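Heads up: the structure comes next, in C-alpha cells.
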Number of protein chains: 2
Amino acid sequence: MAAVRRPLADSQAVHDQVYAAIRRALITGRIAPGKGVSLRSLAGELGVSPMPVRDAVRRLVAERALAINPANKRLSVPSLTADRLEQLALARLWVEPELAARAAASADVGLIRQLQAVDADLDEALRLGDVDRYMTANHAFHFTLYERAGAEVLLAMAGGLWLQIGPFMRVVFGRVGANDLAADHHAQAIAALKAKDAEGARRAIAADLSEGMDKMRAAVEGVS
Amino acid sequence: MAAVRRPLADSQAVHDQVYAAIRRALITGRIAPGKGVSLRSLAGELGVSPMPVRDAVRRLVAERALAINPANKRLSVPSLTADRLEQLALARLWVEPELAARAAASADVGLIRQLQAVDADLDEALRLGDVDRYMTANHAFHFTLYERAGAEVLLAMAGGLWLQIGPFMRVVFGRVGANDLAADHHAQAIAALKAKDAEGARRAIAADLSEGMDKMRAAVEGVS
DNA sequence: AAGATCAAATTGCGATCACAATGCAAGGCC
DNA sequence: GGCCTTGCATTGTGATCGCAATTTGATCTT
C-alpha cells in the first residue's frame, strides 16, 4: 500500500503506470511463464486499487501478453509452445528487420551515440551476469533503433511481439547463461547505421533475431 | 436499459458482447472515422452500464481500433493517414497471404464449400448494393480461410490489422461503388485450395489485397 | 448584435461494494 | 487410512458513486 507514492514519469494515469509496470516485468521476464496472477494480488503489490489493474490487464490480454482461462476466467502468463514460438519468430523476423532498415535511412550521430551507450550498458550487464539489466538493455537497444523508423503501426506490432516473447527470453537466458550473445550483431547494426546502409542494418538485426530465436527454439524443444 | 436482455450467443460476459458489437460496427464501417464516441453514450445505446463498455474500449484501444486523445482523454475512431495506410498495407500483404498459404495445406471439401457459399453471398450483396452485407461477407471469406491455417498468433495479427482498416474500407467502397471487386481473386483462391496449391492461394490473396489497398490508397490520396 | 464569461452538463478515471463462480483445505464418513 | 463433502477464501465481473477536467451553452457585458 506504499509503493505507488513515486509519481512515475510525468503523472500519467494510474492504469498507464500499472500497465507500464507489468509490461516491464513481462519484458524482462520477472514474471514466470505459466504463472497465475490475480487482479487483487497485482493491485496489492503495486499499492493501487484493483480498478486500474483491471484496465491494464485488459490491455495486456488484448496484446496477448497475458492469457485468460476461458473456463476459470483466471489469468496467467501464457505458456510458450513450439508452434507459438515458430509464429512469433516468423513475425519478428519480418517486422523488426524492416524497422531497422527504415531507421537506418534517418539515422544520425545522436542515435548512434545513444545505441552505443545502450550497447555498452548491455555488455556490462553481460559481464556482471545481471540478467534483469541485460534484458532491459537489449530491449532498449532494439526499440530506440526501431522508434527511429517513424513507423507507428509496425512499431506497435514489434512491441506486441516482443511482449509475447519476453517471458521466455528470460527463461532461456537463465538457462544458457547469456554469455556469447548477440554483441556482434549489435555492432554490425551500428556500423550499418553509420554507413546509412539500410540493407546492412536489416541483415544485422535479422541475424541477431535469428540467433536468439534459435536458442529459444532449442531450449523450448529441450524442455518439452 | 432493456436491450441487453437477450443472451447473445452462448452467455459470454457482457464486456465481450459489447466488444463484439463495437468490433462489428467498426469492421463493417458503421462508425465513421474521426467520429467521437463516449463510454456513457455507447453504454446507453447498448443498454448496459458504462463498466463493461470501458473494458471493451480498453481492448479496442489496445488493438488500435479506437484512439484516445492524450490531452482530452476522449476517444474516437482514428483517422487514416496515407502513411498509416502504407504500413497497414505492407503488414497485411505479409500476414494474410501467409495465412492463406498455410490454410491451403489443410483445406478440405468442407472448407471449400463454406467459402463458396460465403462468396456467393458476397456476390449477391454486390448485386444488391448492400454494403453492410458485402463488408461482412468479405470479412467472413478471408477469415474462415485464415482460421484454417491453425496459426493463432498470425491470425490475431491479421484480425488486428483488419480492424484498423475496416472503417476506411467502408468509406472507400461507399465512394467507388464496390462494383468490379475482387470476385476473380476469390475464385482463384478457391481454385488454388482445391488443388492444394499453397503458393497459388498466397498469390490469389495477395492480389486481392493489393487491389483493395490500391483503391483505398487512391481514395485516401484523393481526399487529402 | 457580437464576443466574452460563467455555470451546468458531460467525460474519463478510480474506489468501493455486491455477487456468483471457482479453488482450496480441513474435517467427516466409510 | 483414503476419499468425499462441506465450508471458507479468493477470483473476475458489474454497478454505483464521487471527483477533477473539459466541453458546451446560455447569460451578461460592451
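By convention in this document, chain letters (A, B, ...) are assigned in the order of the sequence lines, proteins followed by strands, and residues within each chain are numbered from 1. Since this is a predicted model, take the numbers as computed values, not measurements.
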task: Could you tell me which non-hydrogen atom of B/A149 sits nearest to which non-hydrogen atom of B/L99, and how far apart they are?
output: CB-O, 3.5 Å
task: Of all the heavy-atom pairs spanning A/Q164 and A/R64, show the shortest one and how long it is.
output: CG-O, 3.5 Å
- request: Using atom CG of A/L42 as one end and atom P of D/dT10 as the other, report the distance to the nearest whole Å.
  value: 15 Å
task: Please report, rounded to the nearest Å, how far the P atom of C/dG14 is from the CD atom of A/Q12.
output: 11 Å
message: Could you tell me how far apart A/R58 (CZ) and D/dG12 (P) are, to the nearest whole angstrom?
response: 10 Å
field: Nucleotide C/dA18, atom C1' - distance to CG of A/L39 in whole Å
entry: 16 Å
message: How close do B/S41 and B/V37 get, counting heavy atoms only, and between which atoms?
response: OG-C, 4.3 Å
message: Measure CG/B/D16 against P/D/dG14 and give the value in whole Å, please.
response: 8 Å
message: I'd like to know if A/R54 reaches the base of D/dG14 with its side chain such that a donor and an acceptor end up less than 3.5 angstrom apart.
response: yes
statement: To the nearest angstrom, the CG-C1' distance between B/L46 and D/dG14 comes to 15 Å
- prompt: For the side chain of A/Q87 and the backbone of B/L154, is there at least one donor-acceptor N/O pair under 3.5 Å apart?
  reply: yes
task: Give B/V37 one of three labels, base, sugar-phosphate or nothing, depending on what nucleic acid heavy atoms sit under 4.0 Å from its own.
output: sugar-phosphate
- prompt: Using a cut-off of 4.0 Å on non-hydrogen atoms, how would the nucleic acid contact of A/V53 be classed: base, sugar-phosphate, or nothing?
  reply: nothing
query: Just by distance, with hydrogens left out, do A/R30 and A/T28 show a side-chain donor and acceptor under 3.5 Å apart?
result: yes
task: Could you work out which one of C/dG12, C/dC13, D/dG14 sits closest to the side chain of B/S38?
output: C/dG12
- request: Would you mind checking if A/R113 and A/D108 are paired as a salt bridge, meaning a charged N to carboxylate O distance below 4.0 Å?
  value: no
message: Has A/T144 got a side-chain atom pairing as donor or acceptor with A/L115's backbone, closer than 3.5 angstrom?
response: no
task: Calculate the interatomic distance between A/L75 atom CG and C/dG23 atom C1'; express it in whole Å.
output: 15 Å
message: Rounded to whole Å, how long is the line connecting atom NZ of A/K73 with atom P of D/dG14?
response: 8 Å
field: Letter per nucleotide, 5' to 3', of nucleotides 19-24 of chain D [B base touched, S only sugar-phosphate touched, - untouched; heavy atoms, 4.0 Å]
entry: ---SS-
